[in-house]
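Written out below as structure tokens is the structure these notes cover.
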There are 2 protein chains.
Amino acid sequence: MMHRNKVRAQSELTPVQSENAKAPKRRRLSPALRREQIVEGASAYFAEAGLDGTTRDLSARLGITQSLLYAYFNTKGELIEAVYNRLYLDRISPEWPELIRDRTRPLGGRLHQFYTEYAAAIFSYEWMRIFMFSGLAGADLNRRYLEHLSTLILRPILIEIETAARSPHRPVLEDIWDLHGGIVYIGIRKFVYRMAAPDDYEPIIRCTLNRFLHYYGIEPVSPPGN
Amino acid sequence: MMHRNKVRAQSELTPVQSENAKAPKRRRLSPALRREQIVEGASAYFAEAGLDGTTRDLSARLGITQSLLYAYFNTKGELIEAVYNRLYLDRISPEWPELIRDRTRPLGGRLHQFYTEYAAAIFSYEWMRIFMFSGLAGADLNRRYLEHLSTLILRPILIEIETAARSPHRPVLEDIWDLHGGIVYIGIRKFVYRMAAPDDYEPIIRCTLNRFLHYYGIEPVSPPGN
DNA sequence: ACCCTTATTGATCATTTGTTCATTAAGCTG
DNA sequence: CAGCTTAATGAACAAATGATCAATAAGGGT
């Protein structure tokens, strides 16, 4: 005998408390809304538990029954696919390639803005961990995302550095991956390994960028007060 | 006639023995040997399937029964623990801190040797993936490993850079993490995201190091032919 | 207020998976 | 060879898990 009424008993004790209690009564939402709520909750849950997390745990966290998930997704895989879409969709801002190529501004400032915004975009518990989980699971989405990133962001950066370089050194794409990896690794340390990491990413991003630019004889990023 | 048993056991591994050699005869190994074989197989298997891989799949791959696993490990968790030990144990060579601090040699050469050896040590399918899986699972081992690395390797590198620096710039530990992360990210791209990566890590490691050293006014690494 | 559509539930099924244990046989010793 | 220790097997159990479906009730339309 399983005592599944645990959640129910909990919710009955707190009928309409707004804190963390869920309504004991059955709530009927519009399909669009419910679906949105499920995908959002699934993102948070799978980021924590991994893609092997169970549909029962997820539904319990959402305050709905497990079978309801199957009214919106034919299979658990479909649900995970929806999580992928929500997470990856438009994660690469279409403005970034323009920003990087905008030669009316100093290259340092462009890269600084890009990496500050990029860090803000991906340095989240959900994104970092689900990206890693799906990468390990062999999801093709990861490779596609990174190919996309390489084409739209890293190659333009490479070209801009080559163009702006005033030292004898010239970078190859692998050098841009090194720049990128050094910054992304901050997020990996924080969200995958759960190590202490700086609250503000700006100083280390700026320093990393300056070190990179310096090698190619490009002027450093202006201090943030600029 | 003579050493029939032994020969038989050996030739048992070769598939084309008799017509329907499908039924694998039960092989009786010494506990130490069998345990070693299991842990090795488990490392390979869990690296591929993740720590949620099943004991049944593992035993099938090892060519033994699933229940035999429990003759050597009381629980699946214990088996995974054994995999951790096999993988992490002595992964940080005790000679590296000495190497890094050996001021009779140029700093660039020391760091180059260290990172070449370090890459050779951890850039393997098994290490990279299991480290990532266990990190995501929240295994304390990861944090301990990285703390260890920070204390024994990164801090000494920081001190050596500070000491050797001839430019106005001075690094903080986070800068060393950036250097480290940029290099480690090569392995992450290759083994987690399964992207194309250079076969020989030496050139990019050298270039990354030189870029780093250049910022602090430290002489570059000598070319490999030196 | 009363339908009536359908979002939601509860029960249930079929597998999967970790774990246990009595039984079997491999291979060393006398 | 015979006997004996114990490595190894095969069958089984309990809990967990993905998935299904008839029954229920929430809440909008009239």
Side-chain angles (χ1 to χ4, degrees), chain A residues 1-9 11-12 16 22-39 41-42 45-46 49-83, chain B residues 1-13 22-39 41-42 45-46 49-83 137:
Chain A
M1 282 297 218
M2 307 230 304
H3 296 47
R4 203 56 93 45
N5 50 8
K6 187 180 173 187
V7 172
R8 178 160 268 217
S11 56
E12 271 181 315
V16 197
K22 292 143 193 160
K25 278 165 63 179
R26 164 192 299 202
R27 284 177 306 180
R28 192 184 166 107
L29 300 187
S30 76
L33 209 64
R34 179 67 81 188
R35 191 192 154 94
E36 177 60 28
Q37 177 211 20
I38 289 176
V39 176
Y45 172 69
F46 286 128
L51 303 179
D52 291 299
T54 71
T55 54
R56 279 179 174 77
D57 279 353
L58 169 59
S59 63
R61 175 185 285 216
L62 285 167
I64 61 176
T65 55
Q66 182 233 4
S67 51
L68 185 56
L69 297 175
Y70 288 88
Y72 292 88
F73 303 94
N74 291 320
T75 167
K76 184 189 172 187
E78 265 187 27
L79 172 55
I80 290 176
E81 206 67 33
V83 169
Chain B
M1 287 298 207
M2 307 183 278
H3 304 20
R4 207 162 153 80
N5 316 334
K6 228 180 184 176
V7 173
R8 250 222 184 141
Q10 256 179 342
S11 62
E12 182 79 14
L13 293 173
K22 280 191 176 182
K25 277 168 64 179
R26 162 191 301 204
R27 284 176 304 181
R28 193 183 166 108
L29 300 187
S30 75
L33 209 65
R34 180 68 80 187
R35 192 191 153 95
E36 176 60 26
Q37 178 212 18
I38 289 176
V39 176
Y45 171 70
F46 286 127
L51 303 179
D52 292 299
T54 71
T55 54
R56 279 179 173 79
D57 280 350
L58 169 58
S59 63
R61 176 186 285 216
L62 285 167
I64 62 177
T65 55
Q66 181 226 10
S67 51
L68 185 56
L69 296 175
Y70 288 87
Y72 292 87
F73 303 94
N74 290 320
T75 168
K76 185 189 172 189
E78 265 187 29
L79 171 56
I80 289 176
E81 206 67 33
V83 169

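Naming convention: chains lettered A, B, ... in sequence-line order (proteins, then strands); numbering from 1 in each chain. Computed over heavy atoms, backbone and side chain alike; hydrogens, waters and symmetry mates excluded. Owing to the predicted nature of the structure, the values given are computational and were not obtained by experimental measurement.
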Task: For Asp52(A), side-chain contact (heavy atoms from CB on, under 4.5 Å) partners two or more places apart - done: Asp52(B)

I need the [atom1]-[atom2] distance between [X] and [N], as an integer number of Å.
X	N	atom1	atom2	answer
Ile64(A)	dG10(C)	CD1	P	12 Å
Asp52(B)	dA16(D)	CG	P	15 Å
Lys76(B)	dT20(C)	NZ	C1'	17 Å
Arg34(B)	dA26(C)	CZ	P	13 Å
Leu33(B)	dG27(C)	CG	P	12 Å
Gln37(A)	dT8(C)	CD	C1'	12 Å
Asp57(A)	dA15(D)	CG	C1'	14 Å
Phe73(A)	dA7(C)	CZ	P	14 Å

Open item on the list: Using a 4.0 Å heavy-atom cut-off to protein, can you give one letter per nucleotide of nucleotides 20-30 of chain D, 5' to 3': B if the base is in contact, S if only the sugar-phosphate is, - if neither?
Closed with: BB--BBBS---

Does OP1 or OP2 of [N] have a side-chain N or O of [X] closer than 4.0 Å?
X	N	value
Thr54(A)	dA16(D)	no
Tyr72(B)	dA7(D)	no
Thr65(A)	dG10(C)	no

Open item on the list: Among dA19(D), dT17(D), dT8(C), which nucleotide has an atom closest to any side-chain atom of Thr75(A)?
Closed with: dA19(D)

Open item on the list: As a test of reading the structure: which of dA19(D), dT17(C), dT8(C) is closest to the side chain of Leu68(A), going by heavy atoms?
Closed with: dT8(C)

- [ ] For Glu81(A), check salt bridge (Lys or Arg N to Asp or Glu O under 4.0 Å) against everything at least two apart and list the hits.
- [x]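 Residues passing salt bridge (Lys or Arg N to Asp or Glu O under 4.0 Å) with Glu81(A): none at all.
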
Open item on the list: Once salt bridge (Lys or Arg N to Asp or Glu O under 4.0 Å) is applied, do any residues pair with Arg61(B), and if so which ones, sequence neighbours excluded?
Closed with: Glu48(B)

TODO: For residues Val39(A) and Ala82(A), report the shortest heavy-atom separation together with the two atoms involved.
DONE: CG1-O, 3.8 Å

Task: Smallest separation among heavy atoms of Val83(A) and Ala42(A), with atom names - done: CG2-CB, 3.6 Å

- [ ] Give one of base, sugar-phosphate or nothing for Gly53(B), where a contact means two heavy atoms less than 4.0 Å apart.
- [x]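 Contact class for Gly53(B): sugar-phosphate only.
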
Determine all donor-acceptor pairs shorter than 3.5 Å in which one atom belongs to a side chain in residues 64-72 of chain A; sequence neighbours excluded.
unit_1: Gln66(A); atom_1: NE2; unit_2: Thr55(A); atom_2: OG1; d: 3.0

What pairs of donor and acceptor atoms, side-chain ones from residues 73-80 of chain B against any protein atom, are under 3.5 angstrom apart with sequence neighbours left out?
unit_1: Asn74(B); atom_1: ND2; unit_2: Glu78(B); atom_2: OE2; d: 3.4
unit_1: Thr75(B); atom_1: OG1; unit_2: Gly77(B); atom_2: N; d: 3.3
unit_1: Lys76(B); atom_1: NZ; unit_2: Leu51(B); atom_2: O; d: 3.1
unit_1: Lys76(B); atom_1: NZ; unit_2: Gly53(B); atom_2: O; d: 2.8
unit_1: Glu78(B); atom_1: OE1; unit_2: Asn74(B); atom_2: N; d: 3.2

Open item on the list: For Arg56(B) and Pro31(B), find the nucleotide of DNA chain D closest to each by heavy atoms; which residue's nucleotide sits nearer the 5' end?
Closed with: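 Taking each residue's closest nucleotide, the earlier one in sequence belongs to Pro31(B).
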
